[in-house]
Amino acid sequence: MVTQETSIIFPRGKVTFDIGRCPQRACFQQTVLLSHAHLDHVGGLPFHVCTREMLSLPASRVVVPQGFAAGVRKLVDAARELQGSPPLDYQVLELQLGEDHVLPSGYLCRCFPTTHTITSQGYVLYSQRRKLKAELQGKSQEEIRQLRLAGQDVTDTVAVPEIAFTGDTTAGFLDGPGCATLEDALKARVLIMEMTFLCDDVTVDEARDKGHMHIADFVANAHRFQNEAIVLIHFSPRYKRTDIITTLNTMLPPSLMAKCVPLLNGIE
Ligand SMILES: [Zn+2]
Ligand SMILES: [Zn+2]
């Protein structure tokens, strides 16, 4: 079983992480970052593209894992053909590991590998800030002003990881080969992470076979997460709202629970 849909909107970045069935607010985010192609994450994409076209908004920009662009185009184009509309203006970009992609909102986007039943990846968005060059630290403001007036560039641009999204994954993504973007995901200010299974009705091994996180894996790796806040999503529909809250409070050590926020929209 899977949750009904996943679409997490980050308005400041004009981004939606996955598109779910395309909730209305997602239409107003230009960029769709797709973690993988399961329907609960990608099904609403034709609606996103068509709605933005209809409202004369800038064309949808869809970022996908490597090898998925052609399939995603087929999905959108089939819907367009069925409704007999003229060709739609939209972009599909495959983002590879190690590649930088700057979004129209100015955020820098990079991806990291995740481990699901099909090809998948997570994303990190970075703000880009100007910082005084290391060799100029300790100089007076007047000295720096003189250097700037002389035409010298006194700052470097640093990328600060602000928000990360795992999409569907097992805890195996934490054990992947050294990946700087994964390490950034684990220290981004906010991490949005799936937490499908919470109880032993599905064991840790079974959760891994199904391609999802188990809370016991989260607890075992608690020391890895340096984030200020962790938003937990994608709970199995077998759990009720009260089960989720009770289990998190029981299973998570207090220091981890203090920064976890379960996203319970639509859960009874
Ligand atoms: Zn999935
Ligand atoms: Zn899913």
Side-chain angles (χ1 to χ4, degrees), residues 1-10 15-23 25-26 29 32-48 62-72 74-76 92 94-95 97 111-124 163-176 182 185 190-199 201-218 230-241 243-244 247-248 260-268:
M1 280 198 289
V2 293
T3 46
Q4 296 300 302
E5 63 175 321
T6 297
S7 170
I8 305 291
I9 294 165
F10 176 47
V15 156
T16 174
F17 295 103
D18 288 336
I19 190 66
R21 298 177 185 178
C22 195
R25 283 183 67 205
Q29 320 307 320
V32 181
L33 301 176
L34 288 182
S35 64
H36 67 298
H38 280 153
L39 272 187
D40 53 322
H41 298 255
V42 73
L45 190 61
F47 198 77
H48 186 269
V62 189
V63 178
V64 301
Q66 203 177 358
F68 278 70
V72 163
K74 266 191 208 166
L75 173 69
V76 175
V92 184
E94 293 182 349
L95 188 64
L97 299 179
C111 60
F112 59 93
T114 53
T115 51
H116 194 37
T117 51
I118 57 172
T119 299
S120 60
Q121 65 189 19
Y123 295 93
V124 180
I163 184 163
F165 172 73
T166 65
D168 287 2
T169 185
T170 71
F173 83 100
L174 294 164
D175 307 326
L182 168 63
V190 177
L191 171 66
I192 301 156
M193 183 167 67
E194 78 120 290
M195 193 55 58
T196 303
F197 295 114
L198 299 175
C199 301
D201 52 349
V202 175
T203 66
V204 169
D205 285 344
E206 286 167 344
R208 288 192 175 223
D209 287 346
K210 292 171 190 285
H212 292 296
M213 288 287 295
H214 191 288
I215 193 168
D217 268 331
F218 183 33
I230 303 173
V231 180
L232 301 175
I233 63 168
H234 203 276
F235 300 104
S236 165
R238 73 188 64 203
Y239 306 124
K240 294 202 178 309
R241 173 179 283 253
D243 298 335
I244 294 169
T247 306
L248 293 177
C260 284
V261 181
L263 202 66
L264 300 171
N265 299 27
I267 301 174
E268 290 182 358

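Quick caveat: nothing in here was measured; it's all calculated off a predicted structure. As the structure lists them, so they are numbered: ligands from 1, and atoms in each ligand from 1. Residue numbers start at 1 and run along the sequence shown.
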**Asked** Is the number of heavy atoms from other residues, nucleotides or ligands under 6.0 Å of L39 CG greater than 12?
**Response** no

**Asked** Can you give the angle D40 OD2 - the Zn ion (ligand 2) - H41 NE2, rounded to 10°?
**Response** 90°

**Request:** Kindly report the OD2-the Zn ion (ligand 1)-NE2 angle for D168 and H116 respectively, rounded to 10°.
**Result:** 100°

So does [X] have any N/O/S atom less than 2.8 Å away from the Zn ion (ligand 2)?
{"X": "H36", "answer": "no"}
{"X": "E194", "answer": "no"}
{"X": "H234", "answer": "yes"}

**Complete:** the Zn ion (ligand 1) -> H38, closest N, O or S atom is ND1

**Item:** Aromatic plane relationship, H41 with H36 - under 30° parallel, 30 to 60° tilted, over 60° perpendicular
**Value:** tilted

**Carboxylate-amine/guanidinium proximity below 4.0 Å for D201 and R238** = yes

**Request:** Quick one: list whatever passes salt bridge (charged side-chain N to carboxylate O under 4.0 Å, His left out) with R21, sequence neighbours left out.
**Result:** none

**Asked** Does any N or O in the side chain of Y123 come within less than 3.5 Å of the main-chain N or O of L34, such that one atom is a donor and the other an acceptor?
**Response** yes

